[in-house]
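Structure first, commentary second.
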Amino acid sequence: MEQRYNYTDWDDSVYGTGRTEPPKHRSGLLAMMLILIIFLCGIITVLGILNVRLFQQLQNQDPAELAISFRDVETQPQETAAVETQPKISSSRQADTINLQSSPASVENVPTEGGLSLQEIYERNIKSVVSINAILTGGSSTGTGVILTEDGYIVTNAHVVENAAAISVQLTDQDIFQAQVIGTDELSDLAVLKISASGLTPAQFGDSSSLRVGDTVVAIGDPLGVEFRGTYTDGIISGIDRDVDMDGRTMTLLQTNAALNSGNSGGPLINCYGQVIGINTMKIGAFTDKAGVEGLGFAIPSTTVKTIVDQLISQGYVSGRPTLGISGEGLSSFYQHYYRMPAGLYITQVSQSSEAYEKGVEEGDLLLSINDTPVTSMDDLKSTIFSCEVGQTVQVTIYRGGQQYLLELTLEEDRG
């Protein structure tokens with residue numbers, strides 16, 4: 001018997017895995033939610049603008065009006081506690097943002113009791129400081145000098161006038177004079193010049209042996225050349241008896257944090273009494289490859305300056321300085337390979353009064369070593385010679401024509 005089924009009574013549009021009728025759309029609900037969000041954002045924006053305007057009105061309101069409104073509130077007992085929590089605004093507040101008061105005149109800066117002000121130190125010494133320009137074979141060198149005497153003796157650094165063909169000195173009154181080299185001493189890096197002038201203002205020198213670390217000092221000079229001539233910087237004594245290596249020699253110097261730059265060389269370092277207690281000679285950073293070094297300047301103590309300068313003026317040289325009577329220049333690696341020569345100092349000049357000349361050393365020879373110490377530059381030669389004494393015998397190795405020669409030479413006194 002065949003059975004018939006009527007599915008209309010139980011078909012709820014669901015078949016096994018899900019509904020069989022299409023899903024309902026909810027775009028209308030989403031649109032309403034978006035409109036509601038926009039409306040709420042608008043309300044928040046309006047409230048923020050009103051709050052900013054209210055704050056601006058309170059800021060711009062006169063303090064007196066604020067005080068009146070506060071007094072009015074205080075008459076109402078129910079709101080007394082709320083009023084007491086409000087910040088109190090001083091009635092002395094001015095409408096101007098800056099009120100310029102009259103300033104006192106500049107006062108004298110006296111660094112220590114019994115000393116001079118910084119202004120007085122400058123005025124006392126500026127006429128004793130000169131600008132130096134040296135004409136070299138391939139350019140020029142600038143530095144600073146200090147007047148020693150009324151008739152034109154001037155002290156500066158030896159490296160400022162080294163190998164100069166001509167030297168000019170400019171005074172503070174702009175007068176320019178040609179200068180003559182009286183004597184130089186490479187070991188102390190000091191030189192004495194002479195100009196044909198009279199009535200100059202010599203500097204007053206003080207005793208550097210009385211200095212202590214922390215003493216106030218100033219420097220006057222021409223940093224970076226005459227464009228900034230007469231520049232004045234101040235600082236303190238940062239160290240005493242510093243042994244500093246420079247160009248193959250060791251110098252005992254004063255250390256200062258007063259700003260020194262190229263062009264300050266040969267200028268004065270002055271104490272708080274206006275006395276020159278040092279001659280500026282170098283700074284760390286100018287002669288090294290260390291980057292970012294500041295405040296490490298050095299000066300030759302006045303006690304050393306006096307000893308050297310007195311001898312340079314009286315005899316033109318410093319007694320006890322040894323020399324071989326030889327000068328030269330380093331041989332580049334290109335010439336070494338091209339001419340198949342060993343590393344050494346190429347001799348360009350031999351003093352005819354030296355023992356080296358008498359024993360046959362000639363220009364064009366190579367100096368290879370002194371007492372088995374290799375020599376490839378003038379710095380090497382100087383550092384080796386300066387460690388010896390006058391009259392001492394040294395062994396030198398000379399190269400010529402593919403052969404080496406060993407000689408014994410006696411160091412003589414360098415008389416310039």
Side-chain angles (χ1 to χ4, degrees), residues 132 134 141 143-146 148 153-164 181-193 205 208-209 240-255 265-267 269 277-284 286-288 297-330 345 349 351 353-354 356 367 370-371 373 375-394 396 409-416:
I132 297 176
S141 172
T144 310
V146 180
L148 297 172
Y153 281 97
I154 297 170
V155 63
T156 187
N157 284 150
H159 75 260
V160 172
V161 297
E162 183 178 11
N163 300 324
V181 178
I182 300 301
T184 62
D185 181 52
E186 295 183 3
L187 187 59
S188 64
D189 195 27
L190 290 172
V192 173
L193 310 178
F205 281 75
S208 58
S209 63
I240 297 175
D241 295 335
R242 297 290 199 195
D243 290 334
V244 181
D245 292 331
M246 177 179 174
D247 295 337
R249 61 189 185 274
T250 300
M251 305 172 64
T252 302
L253 305 172
L254 301 172
Q255 181 184 334
S265 296
L269 188 68
I277 45 81
I279 297 297
N280 300 318
T281 182
M282 63 175 291
K283 63 172 289 188
I284 297 297
F287 297 97
T288 68
F298 296 89
I300 306 166
S302 59
T303 52
T304 302
V305 175
K306 173 178 172 52
T307 301
I308 302 302
V309 165
D310 286 348
Q311 294 188 61
L312 291 178
I313 293 178
S314 62
Q315 60 190 26
Y317 64 93
V318 178
S319 300
R321 299 290 193 246
T323 181
L324 273 177
I326 294 174
S327 60
E329 58 186 27
L345 179 71
Q349 185 177 2
S351 173
S353 62
S354 66
L367 174 60
I370 301 176
N371 289 340
T373 301
V375 175
T376 59
S377 66
M378 283 300 295
D379 288 345
D380 292 341
L381 174 61
K382 293 175 183 178
S383 62
T384 305
I385 295 300
F386 289 157
S387 63
C388 302
E389 297 179 356
V390 176
Q392 182 176 339
T393 299
V394 296
V396 300
L409 301 178
T410 301
L411 297 178
E412 303 172 353
E413 187 174 62
D414 187 2
R415 300 190 175 186

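In this chain, residues are counted from 1 in sequence order.
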Within the 4.5 Å heavy-atom criterion, are [X] and [Y] side-chain neighbours or not?
X	Y	value
Pro322	Gln392	no
Leu312	Val318	yes
Leu345	Asp380	no
Phe298	Arg242	yes
Leu148	Val309	yes
Leu193	Val181	yes
Val394	Thr384	no
Thr304	Thr252	no

Say you draw a straight line from [atom1] of [X] to [atom2] of [Y]; how long is it, rounded to the nearest 0.5 Å?
X	Y	atom1	atom2	value
Ile279	Leu254	CD1	CG	11.0 Å
Ile182	Ser314	CD1	OG	11.5 Å
Leu367	Ser327	CG	OG	11.0 Å
Leu253	Met282	CG	CE	7.5 Å
Asp379	Leu381	CG	CG	9.5 Å
Ser188	Ile308	OG	CD1	4.0 Å

Suppose we screen for salt bridge (charged side-chain N to carboxylate O under 4.0 Å, His left out). Which residues come up paired with [X], at least two apart in sequence or across chains?
X	answer
Asp414	none
Glu389	none
Glu186	Lys382

Measure from the side-chain N and O atoms of [X] to the backbone N and O of [Y], and report whether any donor-acceptor pair falls under 3.5 Å.
X	Y	result
Ser141	Val160	yes
Thr156	Gly145	no
Glu413	Val390	no
Ser302	Ser208	yes
Asp189	His159	yes
Thr323	Glu412	no

The residue among Leu269, Val155, Asn157 that forms side chain to side chain contact (heavy atoms under 4.5 Å, CB included) with Ile300 is Asn157
Shortest non-hydrogen pair, Leu324 vs Ala356, comes out as O-CB, 3.9 Å
Between Ala134 and Ala164, the two heavy atoms sitting closest are CB-CB, 3.8 Å
